[in-house]
Amino acid sequence: MVCVDNLVNGWEVVIGLEIHAQISTKSKLFSSSSTDFGAEPNTQVSFYDAAMPGTLPVLNNLVIDQVVKTGLGIRGKINTVSKFDRKNYFYPDLPAGYQISQFYYPIVTNGHVNIPTKEGNIKTIHVERIHIEQDAGKSIHDLSAGHSCVDLNRAGVPLMEIVSKPDIRSSYEAMQYVRTFRTLLRYLGSCDCNMERGNLRVDANISIRKPGTQFGNRVEIKNINSIKFLGDALNYEIERQIIINESGNNVFQETRLFDPSLGETRSMRSKENASDYRYFPDPDLKPVVLSEERIARIKMELPELPDEKYRKFTENYCLTPEDANILIEEKAVADSFEIAISASKIKTKESIKLIANWITGELFAVLNKEGKTIEDINFPIEYIAELVDLILDKTISGKIAKTVFSEIIKTCGKPREIVKRLGLIQIQDESVIQNAVEEVVVENAPQVMEYRAGKTQLFGFFVGTVMKKLQGRGNPELINKVLKERL
Ligand code: ADP
Ligand code: MG
């Protein structure tokens, strides 16, 4: 397949995603059962969750606040009246025979998010709607021979379904879109986005067309629970659809499943329509009516959003898009970075860039190695700023700073005290450097002769040898200068 300008073999790829995000709450959407992960099967199931006759739903109001917050986070329209409908279908993990969802009147419509593109730009992807719905239970087919079992702990857990417009044009953009939402929902605290636990799942709709023509038939790939699998599934499907079209056939509109072990999608069922579900308003639930005051209060409590941080990091702090994207991904990292730059005494572009480098370079390396997050570090993040100040005011060299950093990690000591205690202050005294240079010149007479005969690449060797003599503490610029003069 030939890719030019986001076209594959001349075909435009059209993708729309439905994200199912578990809303962070302690109890379920319509019952007081716990939503905790990992409990024994069927221990978090109320009579209502098991659809016992005569039980009624009681709306969990925190769910509404979480979704309003999310709607504001995508600059969407918060609908002051929304309603619950019944989506009817029969499956063993759905005891009531219907799922309660917001079909006709969703709580949020028309928002957008900005995603980073491959080229380092920003692209806006529109969000059609966010609606609230119940999760289903889980069928277990491999527990005992001849039986299927069901675990209803998940039944009735609150989900928000976030439906994008078909604005996405490649598998890369689709992955970036999910990453952008993962970051946003974590900032907002409305979903923990733990994909391994199934708290963020994606249905991917995909079709292809020749640019400028009508949308083609879409295929929906269900229930993808990793960003990598999303990319793999879409890439497989793009190729499959192109082959079908180029052999003169039409893509069949259907629902498919991705098999990660084979890297393929396979047909699951023909695409169902809304009429198949016989939606109707749930007679047991009142419309959700939101006051302007309630929306205003939630708006007040919003944190600074990732794209606002991105703009600040690139425009005010002059960071590159790559650095900014890495730093904003987790709120705790972005906040730590800002604490560090405000603690730095030298507030220049250079110091900000260095602090960013130390956090995304050395600190992340240690955190990755130890499987920790920035919230686990046991020294104040301000120490990174102090370390950078020490480099910039030439108390220590960048190389010695690495030694100091290892000490901070080991002992949680203050950078300035570590430098003093270990005697790491940079040697600025020209006469000390001259002595070291003199010794090196005497001890390496043959190399000096070669250098003078034109082998200038040896200069680095001299710098290194002098530095070694000074236990790494010599001021590099001074060493360079003195060596040049002497040689
Ligand atoms: P359904 O419940 O039938 O899946 P939804 O409205 O929930 O319908 O979701 C439709 C999704 O499919 C949206 O994300 C939309 O952007 C996307 N979509 C619609 N038409 C196409 C198309 N031709 N190609 C790719 N995606 C599409
Ligand atoms: Mg769908």
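Numbers here simply count residues along the sequence, with the first being 1. Both ligands and their constituent atoms are indexed starting at 1 by order of listing. All values below were derived from every heavy atom in this structure, side-chain atoms included, with hydrogens, water molecules and symmetry-related copies excluded.
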So, does Asp232 use its side chain to make a donor-acceptor pair with the main chain of Gly263 at under 3.5 Å?
-> no
Establish, yes or no, whether a centroid distance under 6.0 Å links the rings of Tyr236 and Phe258.
->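 No, too far apart.
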Distance-only side-chain donor-acceptor flag, [X] / [Y], under 3.5 Å:
X      : Y      : result
Asn249 : Ser247 : yes
Tyr317 : Glu338 : yes
Arg294 : Asn61  : yes

N/O separation below 3.5 Å, Ile206 to ligand 1 |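 Among all N and O atoms of Ile206, none is under 3.5 Å from an N or O of ligand 1.
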Of all the atoms in ligand 1, which lie at a distance below 4.0 Å from a heavy atom belonging to [X]?
X      : result
Val14  : 24 (N), 25 (C)
Gly216 : 23 (N)
Val163 : 9 (O), 13 (C), 14 (O)
Gly16  : 14 (O), 16 (O), 17 (C), 26 (N)
Phe215 : 23 (N)
Ser164 : 13 (C), 14 (O), 15 (C), 16 (O)
Lys165 : 16 (O)

Going through the checks in order, is the side chain to side chain donor-acceptor pair (under 3.5 Å) test met by Thr360 and Asp323?
-> CA-CA 8 Å; Thr360 60; Asp323 283 343; 4.9 Å; no
Under the side-chain contact (heavy atoms from CB on, under 4.5 Å) criterion, do Arg266 and Glu264 qualify, and how do the steps go?
-> CA-CA 7 Å; Arg266 61 165 189 274; Glu264 302 175 352; 5.8 Å; no
With the threshold set at 4.0 Å, does a side-chain nitrogen-carboxylate oxygen contact exist between Glu301 and Arg297?
->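 Salt bridge between Glu301 and Arg297, a charged N being under 4.0 Å from a carboxylate O: yes.
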Of the side chain and backbone of Asp203, name the one, both, or neither that has a heavy atom under 4.0 Å from an atom of ligand 1.
->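 Neither part.
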Structural part of Glu18 in contact with ligand 1, heavy atom criterion under 4.0 angstrom | side chain
Proximal candidate to atom 10 (C) of ligand 1 [heavy atom criterion; set Arg218, Arg209, Glu220] |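 The residue whose heavy atom sits nearest atom 10 (C) of ligand 1 is Arg218.
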